[in-house]
Asks: 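The structure that follows is given in the form of structure tokens.
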2 protein chains.
Amino acid sequence: MHSMNWDDLRILRAVGHAGSYSGAARQLEITHSTVSRRMRALEASLGVALFEQVSGSLVLTAAGEDLAVTSSRLGEEVDAAELRVMGRDAELKGSIKLSIVDATARNLMPSFERFLTLYPGIELEIEVGPNLTSLPRREADVIVRATNSPPEILVGRKVATHNFPVYATPALLEKMGQETPLADFPWVLWGNGMMDTWMDRYVPQARVVCRANTASAMVEAVRAGIGLGHLSCYGVDTDPDFVRIYPADENFNLGIWLLTHPDLRKTARIRTFMKFLDAEMTAQRDTIEGRAPTRIEKYKDL
Amino acid sequence: MHSMNWDDLRILRAVGHAGSYSGAARQLEITHSTVSRRMRALEASLGVALFEQVSGSLVLTAAGEDLAVTSSRLGEEVDAAELRVMGRDAELKGSIKLSIVDATARNLMPSFERFLTLYPGIELEIEVGPNLTSLPRREADVIVRATNSPPEILVGRKVATHNFPVYATPALLEKMGQETPLADFPWVLWGNGMMDTWMDRYVPQARVVCRANTASAMVEAVRAGIGLGHLSCYGVDTDPDFVRIYPADENFNLGIWLLTHPDLRKTARIRTFMKFLDAEMTAQRDTIEGRAPTRIEKYKDL
DNA sequence: AACAACCTGTGCAATAATGCACAGCATGAA
DNA sequence: TTCATGCTGTGCATTATTGCACAGGTTGTT
């Protein structure tokens, strides 16, 4: 008997999650026209309307919602099964060249270790450096980047977000006095100017005593007590040397992107590795994004 | 990130169930070459061998078994969801012409009633007759047949099996005497001769006093006490007028096929109806096939 | 040994699916 | 009011998938 195409349910899951054909298309890395046709085909196959149009956008019907929920559960089972079996046998071998900034690399080392334990046939070549701005073709298989405008020649997805609260050290707070306003502190700013707009708006007369052009240098400069600084929660929240003194501004964050070249994305060991990192970072997202700080301090006023 | 094609899991489920690419192909109504390619693609996508070849046939690896089991569970969830939403709204309407023999039609009337209650927009035209041997194109949308050689121009599947134990009536047993051997009874045989080989082998000198050419006529002839007869358990096991006196021979049964024309199989109301009947008969398979008799008598010797 | 009936694998033509490019609609900001 | 940015729908060319036909292997029966 003719059966429904289960892969249409994978598309439906994405539509339910993204809220639109266009959003689902981006998530799945296919075109919105494909999503549209697949949902039409699914409706025809089932003989039921899954969507109704409201002001040019589509919303799920009751049947659509039912099926989208089921598809979401199916997705969880598929993902779990996929992780269980992917590259499970000795066939998964070869080299993976990873390009990653050093701060994020440090945070992910335990995950890399776990991956290499699971897949002993893999050789992971990690190219760690300061902010990597050029991506010569073929010099890396997998790229982890902190950006809000990922290069269009690569494919992948945003797995988490760097949020940047303002941090100080307890020693600096004590030295300056607990009631000293932010404007009176010395500041360490990002060399690429990404927080300058924020400073102009909220601490216009700030004493900028230092600029650093890498995440690691930023962290070490603040650790040394040189000044206050916007640091990513990722790895800093769990470092006892730091104290948050002002919350992150959601308009000043960076996506953490997991990217590869389009023609590599079907390569088993690349897919396995990216899926593994995706799962690891998804599991740690609250920690990465600063929603599970280990020290809670009274925030200063501007 | 590139995702596995979930529809490959639907194929894998069938392979796990059928035990071969060829068997899965028949079950899914696609070619074995498609099954082969889809399983190769799935293995490539996951980077794991799901099959290994043993004497020209394929057996599942541990990873393959893991994934086949998961796929089977997914299939149950998909089937349940599909039944919940299929044709759920008022859109499912139109006519369905069903061709079915009268004995099976009587057994399925409660199911037809349930279907029409669920889908009030459907008009079911049931063509009930004695054994229908010709299938003029387009005179029926859905065909239920008792056969072991379904017409190749139609598509569908065997949903259950007619098994044919030997039945008597209590009155006939009393009239003939409880210890009378089978050979001394009068017999009612099928007009199409389908049980003649069995009779030649096991009751060669039988007194054949009656032949009937339809299932209904067979049932009514035995009910009238004319003689013993091979009747389908389906509907007879639950009829208090009858007693089994000899078990069914598994080499003398008929498949119950649910069939339609290839170009109708994607039509929503046809698919919904066939899937519904499939589910109903699958749920009743033990009863249909005689594994849940309501009266258990001591079987006679040959 | 020969044959029948099952199995899987693959080249090539046919068919189906997808992406691209375009069109039109809705909404929010300036 | 105008414009930008999102959305969905669709014709056509491109790409991927499928079916057909064939080949070869294994097993069981005669």
Side-chain angles (χ1 to χ4, degrees), chain A residues 2-12 14-45 49-61 64 68 148-149 152-155 251 262-263 265-267, chain B residues 1-12 14-45 49-61 64 68 148-149 152-153 155 251 262-263 265-267:
Chain A
H2 185 70
S3 286
M4 168 178 46
N5 181 346
W6 289 12
D7 207 54
D8 287 340
L9 298 179
R10 183 177 64 89
I11 312 294
L12 177 61
V15 174
H17 181 262
S20 69
Y21 286 174
S22 306
R26 286 190 293 274
Q27 186 175 20
L28 297 169
E29 293 167 17
I30 57 180
T31 65
H32 77 276
S33 51
T34 296
V35 176
S36 178
R37 291 195 188 99
R38 295 282 291 271
M39 293 302 92
R40 289 286 167 272
L42 182 57
E43 286 181 315
S45 165
L50 300 173
F51 302 94
E52 57 197 7
Q53 207 161 49
V54 176
S55 302
S57 291
L58 296 161
V59 298
L60 289 160
T61 60
N148 284 332
S149 45
E152 290 183 18
I153 59 170
L154 300 179
V155 293
N251 299 307
D263 54 349
R265 66 182 176 174
K266 287 190 177 182
T267 304
Chain B
M1 191 175 308
H2 185 69
S3 286
M4 166 176 49
N5 181 347
W6 290 11
D7 209 52
D8 287 341
L9 298 179
R10 183 177 65 87
I11 311 294
L12 176 63
V15 174
H17 181 263
S20 69
Y21 286 175
S22 305
R26 285 190 295 274
Q27 186 175 20
L28 298 169
E29 294 168 15
I30 58 179
T31 65
H32 78 276
S33 51
T34 295
V35 176
S36 178
R37 291 196 189 97
R38 294 282 290 269
M39 293 302 91
R40 289 287 167 270
L42 183 57
E43 285 181 316
S45 165
L50 300 174
F51 302 94
E52 57 196 7
Q53 208 160 48
V54 176
S55 301
S57 291
L58 296 162
V59 298
L60 288 159
T61 60
N148 285 332
S149 47
E152 292 183 14
I153 59 170
V155 294
N251 300 304
D263 54 348
R265 66 183 176 172
K266 288 190 177 183
T267 305

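Note on naming: letters A, B, ... go to the chains in the order of the sequence lines (proteins, then strands), and numbering restarts at 1 for each one.
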Asks: How many Å lie between CG on A:Leu42 and C1' on C:dA17, as a whole number?
Replies: 16 Å

Asks: Polar-atom pairs under 3.5 Å, protein N or O versus N or O of nucleotides 21-28 of chain D: list them with distances, or write none.
Replies:
residue: D:dT27; atom: OP1; partner: B:Ser55; partner atom: OG; Å: 3.2

Asks: Does a nitrogen or oxygen in the side chain of A:Gln53 sit under 4.0 Å from OP1 or OP2 of C:dA26?
Replies: no

Asks: What's B:Arg37 touching, base or sugar-phosphate or nothing? Going by heavy atoms closer than 4.0 Å.
Replies: base

Asks: Could you write out DNA chain D as dot-bracket? Rules: Watson-Crick or G-U wobble, both distances under 3.5 Å, brackets [ ] for crossings, | for pairs with another strand, dot for unpaired.
Replies: ||||||||||||||||||||||||||||||

Asks: Can you check the A:Leu28 CG to C:dA17 C1' distance for me, whole Å?
Replies: 15 Å

Asks: Which of these nucleotides, C:dG9, D:dT18, C:dC7, is closest to any side-chain atom of B:Arg38?
Replies: D:dT18

Asks: Just how far, in rounded Å, is P of C:dC25 from OH of A:Tyr21?
Replies: 19 Å

Asks: Tell me whether the OP1 or OP2 atom of D:dG9 has a side-chain N or O from A:Ser36 closer than 4.0 Å.
Replies: yes

Asks: Closer than 4.0 Å, any side-chain N/O of A:Arg26 to the OP1 or OP2 of D:dC7?
Replies: yes

Asks: Rounded to whole angstroms, how far apart are CG on B:Asn5 and C1' on C:dA17?
Replies: 12 Å

Asks: Looking at every heavy atom in both A:Glu43 and A:Phe51, which two are closest together, and how far apart are they?
Replies: OE2-N, 3.2 Å

Asks: Any side-chain N or O of A:Arg40 less than 4.0 Å from the OP1 or OP2 oxygen of D:dG9?
Replies: yes

Asks: Between B:Thr34 and D:dT18, is there a contact of a side-chain N or O with OP1 or OP2 at under 4.0 Å?
Replies: no

Asks: Could you tell me if B:Ser20 and B:Ser22 have a donor-acceptor pair between their side chains, going purely by distance under 3.5 Å?
Replies: no

Asks: State whether B:Ser20 places a side-chain N or O below 4.0 Å from either non-bridging phosphate oxygen (OP1 or OP2) of C:dC7.
Replies: yes

Asks: Provide, to the nearest angstrom, the distance between the CG atom belonging to A:Asp7 and the C1' atom belonging to D:dT17.
Replies: 13 Å

